Protein chains: 2
Amino acid sequence: MSEMQLGLRERTRRAVQREIAEAANVLFVERGFERTTIDDIAAATGMSQRSVFRYFASKEEIVLGKFDLVVDDMLAALRARPADEGVWTSLRHMFDVLVSLAQTPGHEQMVEPIHRVVFETPALFAGYLQKLQRMQDAVVVELLERAERAGEPYDADDPAPHALTAAAFGCLVAGQRAWLASGGQGSFADAIDRAMATVGPRT
Amino acid sequence: MSEMQLGLRERTRRAVQREIAEAANVLFVERGFERTTIDDIAAATGMSQRSVFRYFASKEEIVLGKFDLVVDDMLAALRARPADEGVWTSLRHMFDVLVSLAQTPGHEQMVEPIHRVVFETPALFAGYLQKLQRMQDAVVVELLERAERAGEPYDADDPAPHALTAAAFGCLVAGQRAWLASGGQGSFADAIDRAMATVGPRT
DNA sequence: TCGACTGTGGCAGTCTCTGCCACGTTCGGC
DNA sequence: GCCGAACGTGGCAGAGACTGCCACAGTCGA
């Protein structure tokens, strides 16, 4: 029962989670998030309400839970950037993880509608912003280590890593909204690029 | 029944709202947001649960509702900045409205504890971030008009105003968190200054 | 085969929030 | 001063998210 093999138990759990999430997402896109009850989702997957809550801590998590899984990938991507690259550029490339996630074949058609549900449902959007904030905490830690490794550590109370990260994530959201506003026509990556090109670190 | 005089009805309504909010804030700081029920607040103010919900759309709004009132002041402050001032500087001065709000005599002691409740209660923090996002929409509109007035309008699809605003608000939150992390010791305004000094528009 | 473990459903209960209705008070016109 | 209208309020029932608890069934190793 190693950690890497994940074990049968954990694998089936993930499978059921995925099944619930996919069924729920269809309903959310069809009827909207608030007009879909947990009972609807339970009925659609043939389970009881009680069991749905065994797989997801809340209704919100059914939609937003997947972002918890990307955090590690984003940190890994950030860590993989060359040490002498500018922070802003590295952060930009870290977001490529989100871009490629949106382009994963299979649920490609669902990405834009789900995105829209998140951005148009106040409760979901608020939860999303909060998750981004948690991501920023992890990113800041990574930036501090990165500077340490480069032999140019930040001062303990230097707000720069926090501010840069916050600004970058702000640009990310601005880019996402611009992309959604364009009806999902243009390139997601381009939208982020253009937003992040207008702001940057003070020399 | 003019709009400026506010009318007796609206004035008493505001008074009751204020009374509820103050009583609730005390309870929130004492026991925490989640461990305080609407019934507790109703009991503390001698009203019924039903009436509390007539004054506030939700439990969250009791804490976060006041931010809706500041938006207009912030926009006015932004509009009052000289036309030839840099956007980033103008945004920074717009935040002074929040700073002076935190220094309003009377509830000065409550500002830091309430701030802490907001930042430490996930549901409240998420709601706060969402309100900031709505503020940004209004700020962007103002920036577009400002550029228009200056004779240098942005292109219709230029992400710059959105990205700049998002970055500025990101710095605001970073500053607030730094201020809270320091135990509310340092100056709120300084924390924002230092965060916003590390980022800025690309020339 | 037996016993421990796990997943599941159902039930009761809490809490937020809403719609509805009935009551008392207040206010404007007469 | 009188009466109808408008308003604020409380209580009640109910939806919906979420939790704790218990009982039941299947599964797996000893």
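Chain naming here is simple, since letters A, B, ... match the order of the sequence lines and numbering starts at 1 in each. Here the structure is a predicted model, which is why all the values come from computation and not from measurement.
Counting heavy atoms from C-beta outward, Leu64(A) and Gln130(A) have side chains that stay 4.5 Å or more apart.
The number of heavy-atom neighbours closer than 6.0 Å to CD of Glu152(A), taken from other residues, nucleotides and ligands shown, is 12 or below. The 12-atom threshold is exceeded at CZ of Arg149(A), counting heavy atoms of other residues, nucleotides or ligands nearer than 6.0 Å. Under a cut-off of 6.0 angstrom, the local environment of CZ in Arg31(A) is crowded, with over 12 non-hydrogen atoms contributed by other residues, nucleotides or ligands.
Contact detail for Asn25(A) and Lys66(A): the closest heavy-atom pair is ND2-NZ, 4.5 Å.
The distance from atom CE of Met47(A) to atom C1' of dA25(D) is 15 Å, rounded to the nearest whole Å. Residue Arg50(B) contributes atom CZ, which lies 12 Å from atom C1' of dG8(D) at whole-angstrom precision.
Defined by atom type and a distance below 3.5 Å, a donor-acceptor pair is missing between the side-chain atoms of Thr165(B) and Gln136(B).
With a heavy-atom cut-off of 4.0 Å to chain A, the contacted part of DNA chain C has its first and last nucleotide at dT6(C) to dC11(C).
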Hey, what are the protein-to-nucleotides 14-17 of chain D N/O distances that come in under 3.5 Å?
from, atom 1, to, atom 2, distance (Å)
dA17(D), OP1, Lys59(A), NZ, 3.1
dA17(D), OP2, Ile38(A), N, 3.3

Listed pairs under 3.5 Å, donor-acceptor, residues 178-185 of chain B side chains, sequence neighbours left out:
from, atom 1, to, atom 2, distance (Å)
Trp179(B), NE1, Gly186(B), O, 3.2
Ser182(B), OG, Trp179(B), O, 2.8

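We find that Arg14(B) and Glu10(B) are joined by a salt bridge, their nearest charged nitrogen and carboxylate oxygen being less than 4.0 Å apart.
Proximity of Tyr55(B) to the phosphate of dT9(D): a side-chain N or O atom is located under 4.0 Å from OP1 or OP2.
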